[in-house]
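Reviewing the structure listed below.
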Amino acid sequence: MDLVALADFNLVARHGGFGKAARATGRPKATLSRRVTELEAALQLRLFERGARDLKLTEEGRALHERTTALLTEIDETAAAIASGAEKPRGRLRISAPLLLSQTAMGKIAAGFALRYPEVRLEITTEDRAVDMIEEGYDLVIRVNPEPDETLVGRAFLHDRLVVAASPELPRPVGDRPAPGVVRGGGGSQTWKVIKAEQTATIRIEPVLVLSSLIMVRDAARAGVGAASLPISLVSHDPADGALVHWGDVEGSEIALWALYPSRRLLSPRVSAFLDFLKQAFPGGTPDELAAYIAR
């Protein structure tokens with residue numbers, strides 16, 4: 001396959017037309033059109049639907065664009081690194097991170113990384129949904145307890161667990177009586193199994209507040225509205241401060257934060273640098289390290 005023709009095809013696809021691509025790059029429109037036509041002939045596929053006024057990717061063209069644009073970027077960056085004599089991290093780095101980590105730690109992580117690697121343009125998007133890395137153009141995603149995915153590889157860099165915490169003024173329920181609860185997501189009665197001092201107990205929760213953020217859940221629990229199930233890293237300092245007491249660990253609530261990236265691509269210097277930065281920030285990957293990082 002002609003890589004020059006492939007690069008010109010991606011250029012036209014990215015800009016949405018031959019004229020727009022020519023104006024943006026200073027390349028002759030006729031040359032771009034000829035390159036794309038030659039690529040279509042070589043592949044025996046129509047990559048664009050050509051209308052009177054607009055140009056649209058065919059299904060095959062869209063698939064080719066999504067699968068090759070990142071690879072061509074890698075080739076360009078590798079060539080630039082070799083030419084400069086060192087694989088120095090540079091270029092755009094897009095990351096998707098979960099809401100809670102973003103609210104508590106990603107700002108400081110991003111700032112520290114940007115100061116260390118000023119030639120990397122770091123972009124972090126906060127979302128808890130499972131993004132499509134290739135289609136949406138992410139270099140790295142951070143996820144909590146991700147499902148196995150054959151197209152992705154990665155490493156767990158942090159571990160956490162859930163505890164049930166409540167204001168000291170809120171009495172712990174006795175017997176089968178439910179406790180008022182502050183929960184994230186859907187409402188309805190819930191049952192939490194907690195372990196404390198090697199003793200297991202079942203606590204029934206009747207939600208009185210349903211909130212969308214664990215930061216809000218923690219703040220509401222501190223205000224005494226109800227008990228809450230929260231990451232220990234988020235509330236580890238509360239017993240010392242008297243803000244919350246811990247009723248116990250939630251049974252089977254281990255949490256692992258994973259940094260994931262596509263397995264079919266060579267790991268770029270900027271992704272490797274970010275992974276190393278996470279490792280330096282959390283060398284043991286423990287909840288105490290995350291709590292200390294948040295508290296700093």
| said: I need the minimum non-hydrogen distance between Val182 and Val217, along with the two atoms involved. | reply: O-CG1, 3.7 Å
| request: Hey, could you give me the CG/CZ distance between Leu211 and Arg184, rounded to the nearest 0.5 Å? | output: 10.5 Å
| query | Do Ile215 and Thr104 come close enough that some side-chain heavy atom pair is under 4.5 Å? | reply | yes
| Does Tyr138 reach the side chain of Thr125, with side-chain heavy atoms less than 4.5 Å apart? | yes
| field | Considering all heavy atoms, the nearest Gly224-Ser167 contact | value | CA-CB, 3.7 Å
| Just by distance, do the side chain of Lys88 and the backbone of Glu119 share a donor-acceptor pair under 3.5 Å? | no
| said: Nearest 0.5 Å, please: how far is CG in Leu64 from CG in Leu45? | reply: 8.5 Å
| Under the ring-ring contact (aromatic ring centres under 6.0 Å, His included) test, residues paired with Phe157 that sit two or more places apart | none
| said: Counting only heavy atoms from other residues, nucleotides and ligands, does the tally under 6.0 Å from NZ of Lys56 exceed 12? | reply: no
| request: Check whether Phe282 and Tyr261 end up in the same hydrophobic cluster, where Ile, Leu, Val, Met, Phe, Trp and Tyr are linked by side-chain heavy atoms less than 4.5 Å apart. | output: yes
| task | Verify, without hydrogens or angle tests, whether Glu289 (side chain) and Gly284 (backbone) share a donor-acceptor contact under 3.5 angstrom. | result | yes
| How many angstroms lie between NE2 in His15 and CG in Leu11, if you round to the nearest 0.5 Å? | 4.5 Å
| With a cut-off of 6.0 Å (strictly less than), are more than 12 heavy atoms of other residues, nucleotides or ligands near CG of Asp176? | no
| Considering residues, nucleotides and ligands other than Glu59, do more than 12 of their heavy atoms fall under 6.0 Å from its CD? | no
| Same apolar cluster: Phe18 and Leu6, side chain cutoff 4.5 Å | yes
| Are Phe9 and Leu3 grouped together when hydrophobic residues (ILVMFWY) are joined by side-chain heavy atoms under 4.5 angstrom apart? | yes
| query | Are Leu99 and Leu260 connected in the hydrophobic side-chain network, where two residues link if heavy atoms are under 4.5 Å apart? | reply | no
| request: Of all the heavy-atom pairs spanning Pro231 and Asp160, show the shortest one and how long it is. | output: CB-OD2, 3.5 Å
| request: Could you go through the side-chain contact (heavy atoms from CB on, under 4.5 Å) check for Asp241 and Arg222 one step at a time? | output: CA-CA 11 Å; Asp241 298 338; Arg222 284 175 173 173; over 6 Å; no
| query | Is it the case that more than 12 heavy atoms not belonging to Arg172 sit under 6.0 Å from its CZ atom? | reply | yes
| message | Check for me, please, whether Leu244 and Leu100 land in the same ILVMFWY cluster - side-chain distances under 4.5 Å, paths through other members count. | response | yes
| query | Do Leu39 and Arg35 touch side chain to side chain, with heavy atoms closer than 4.5 Å? | reply | no
| Pairwise side-chain contact, Phe48 with Leu57, heavy-atom cut-off 4.5 Å (strictly under) | yes
| message | Test side chain to side chain donor-acceptor pair (under 3.5 Å) on Asn10 and Thr68; report intermediate values, then the result. | response | CA-CA 8 Å; Asn10 277 290; Thr68 60; 3.1 Å; yes
| field | Main-chain N/O of Glu136 paired with Arg94 side-chain donor or acceptor, under 3.5 Å | value | yes
| note | One should read off an interatomic distance between Ile95 CD1 and Leu140 CG, to the nearest 0.5 angstrom, of 5.0 Å
| Validation row: Pro173, Trp247 side chains within 4.5 angstrom (heavy atoms) | yes
| task | Taking the side chain as every heavy atom from C-beta outward, state whether Leu122 and Ile124 have any pair of such atoms under 4.5 Å apart. | result | yes
| field | Inter-residue atom distance Glu60.CD - Gln44.CD, 0.5 Å rounding | value | 13.0 Å
| request: Answer yes or no: does atom CD of Glu147 have more than 12 heavy-atom neighbours from other residues, nucleotides or ligands under 6.0 Å? | output: no
| field | Any residue meeting ring-ring contact (aromatic ring centres under 6.0 Å, His included) with Phe113, in chain and number order, not counting sequence neighbours | value | Tyr117, Phe274, Phe277
| Would you say the side chain of Ser96 lies within less than 4.5 Å of the side chain of Arg143, judging by non-hydrogen atoms? | yes
| task | Please name the pair of heavy atoms, one in Leu278 and one in Ala259, separated by the smallest distance, quoted to 0.1 Å. | result | CD1-CB, 4.4 Å
| field | Sole residue of Arg27, Arg34, Arg14 in salt bridge (charged side-chain N to carboxylate O under 4.0 Å, His left out) with Asp8 | value | Arg27
| query | Between Arg46 and Glu40, is any pair of side-chain heavy atoms under 4.5 Å apart? | reply | yes
| Distance (rounded to the nearest 0.5 Å) between Thr200 OG1 and Asp249 CG | 10.5 Å
| field | Check against side-chain contact (heavy atoms from CB on, under 4.5 Å), His246 and Ile232 | value | CA-CA 9 Å; His246 296 176; Ile232 184 65; 3.5 Å; yes
| query | Looking only at heavy atoms, which two atoms of Ala165 and Ala221 are closest? And how far apart? | reply | O-CB, 4.5 Å
| If you look at every heavy atom in Val164 and Ala227, which pair is closest and at what distance? | CG1-CB, 4.2 Å
